[in-house]
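First comes the structure, then the notes that go with it.
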Amino acid sequence: VQLQASGGGLVQAGGSLRLSCTTSGFAFSRSSISWFRQAPGKEREFAAAISWGGSTTDYADSVKGRFTISRDNAKNTVYLQMNSLKPEDTAVYYCGADPRARTYSGHNWQIRGNYLYWGQGTQVTVSS
């Protein structure tokens, strides 16, 4: 099982980045995928998730309206388009997978323990 996050970098406030989470070794089409992030000295927190069928998405209030999560099952890849970036978005971004074809309700998308597979993160730094 592999999840490879990429696309991070240094960007000025107001700029954009697109993160990719490329996966292998498990049934991607039956997996819900999430993005969590961890800033220095802080707990890892939920950012966005997309259901295994692609019809449901969920976002943290702090990124809603600025971030968009999407998936390409042909490429086993999930994307996180991040616009209007703010210095407080600075963090290491991790993607996680729940391979059990589950659909959650409400804030259950945001529970870190629901995602069984994790990859190494990609650093996003937003300068002011």
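Here, residue 1 is the first one in the sequence, and each next residue gets the next number.
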Seminar exercise, completed: Output for pair (Ile50 CD1, Ser55 OG), nearest 0.5 Å, gives 8.5 Å
Problem set entry | Crowding at CD, Gln120 (>12 non-hydrogen neighbours, <6.0 Å) | no
For this session: Check whether any side-chain heavy atom of Phe46 lies under 4.5 Å from a side-chain heavy atom of Ile111, and answer yes or no.
Result: no
For this session: State which residue, out of Val126, Asp89, Val124, fulfils the side chain to side chain contact (heavy atoms under 4.5 Å, CB included) condition with Met82.
Result: Val124
Problem set entry | Check against side chain to side chain contact (heavy atoms under 4.5 Å, CB included), Leu19 and Tyr79 | CA-CA 6 Å; Leu19 305 185; Tyr79 304 99; over 6 Å; no
For this session: Under the side chain to side chain contact (heavy atoms under 4.5 Å, CB included) rule, what do Leu17 and Leu85 come out as? Steps first, then yes or no, please.
Result: CA-CA 8 Å; Leu17 284 173; Leu85 282 162; 4.2 Å; yes
For this session: Could you pull out the closest heavy-atom pair between Ala13 and Ser128, with the gap in Å?
Result: CB-CA, 4.4 Å
Exercise. Is there a side-chain contact between Asn76 and Ser24 (heavy atoms, below 4.5 Å)?
Worked result: no
Exercise. Atom CZ in Arg30, atom CZ in Arg102: separation rounded to 0.5 Å?
Worked result: 12.0 Å
Exercise. Which heavy atom of Gly121 sits nearest a heavy atom of Val92, and at what distance?
Worked result: CA-CG1, 3.7 Å
Exercise. Parallel, tilted or perpendicular for Tyr115 and Trp118, by the 30°/60° rule?
Worked result: perpendicular
Exercise. For the residue pair Ser51 and Arg71, what are the closest heavy atoms and their distance?
Worked result: O-NH1, 2.8 Å
Exercise. Which is it for Gln110 and Asn108 under the side chain to side chain donor-acceptor pair (under 3.5 Å) test, yes or no, and what are the steps along the way?
Worked result: CA-CA 5 Å; Gln110 305 182 12; Asn108 288 319; over 6 Å; no
Exercise. Does a donor on one side chain and an acceptor on the other come within less than 3.5 Å for Tyr93 and Arg37?
Worked result: yes
Exercise. When you look at Ile69 and Val78, which way does the side chain to side chain contact (heavy atoms under 4.5 Å, CB included) test go after all the steps?
Worked result: CA-CA 7 Å; Ile69 190 170; Val78 165; 3.8 Å; yes
For this session: Indicate, with yes or no, if Val1 and Phe28 share a hydrophobic cluster defined by side-chain heavy-atom contacts under 4.5 Å among Ile, Leu, Val, Met, Phe, Trp and Tyr.
Result: no
For this session: Mark yes or no for whether Arg66, through its side chain, and Ser84, through its backbone, hold a donor-acceptor pair below 3.5 Å.
Result: yes
For this session: Can you see which heavy atom on Ser16 is nearest to which on Asn83, and at what distance?
Result: OG-OD1, 2.9 Å
Problem set entry | Basic-acidic side-chain contact under 4.0 Å: Lys64, Asp61 | yes
For this session: Please round to the nearest 0.5 Å and tell me the distance separating atom CG of Leu80 and atom OG of Ser70.
Result: 8.5 Å
For this session: Take Ser31 and Phe26 through the side chain to side chain contact (heavy atoms under 4.5 Å, CB included) test and state the conclusion after the steps.
Result: CA-CA 8 Å; Ser31 299; Phe26 63 97; 3.3 Å; yes
Exercise. Heavy-atom count around Gln2 CD within 6.0 Å, excluding the residue itself: above 12?
Worked result: no
Exercise. Taking all atoms of both residues into account, what is the closest heavy-atom pair of Trp35 and Ser20, and its distance?
Worked result: CH2-O, 3.6 Å
Exercise. For Tyr104 and Asp98, what are the C-alpha separation, side-chain angles and deciding distance, and is it a side chain to side chain donor-acceptor pair (under 3.5 Å)?
Worked result: CA-CA 11 Å; Tyr104 297 105; Asp98 175 0; 2.4 Å; yes
Problem set entry | Short side-chain to backbone donor-acceptor contact, Arg100 and Asn114, under 3.5 Å | yes
For this session: Give a yes or no on whether the backbone of Lys75 and the side-chain of Thr77 come within a donor-acceptor separation of less than 3.5 Å.
Result: yes
For this session: Examine distances only and state if a side-chain atom of Tyr94 and a backbone atom of Arg44 form a donor-acceptor pair shorter than 3.5 Å.
Result: no
Exercise. If you measure from CZ on Arg112 to CZ on Phe36, what distance do you get to the nearest 0.5 Å?
Worked result: 7.5 Å
Problem set entry | Flag, side chain of Trp109 to backbone of Thr57, donor-acceptor distance under 3.5 Å | no
Exercise. Can you check whether Leu10's main-chain N or O pairs, donor with acceptor, with Ser127's side chain at less than 3.5 Å?
Worked result: no
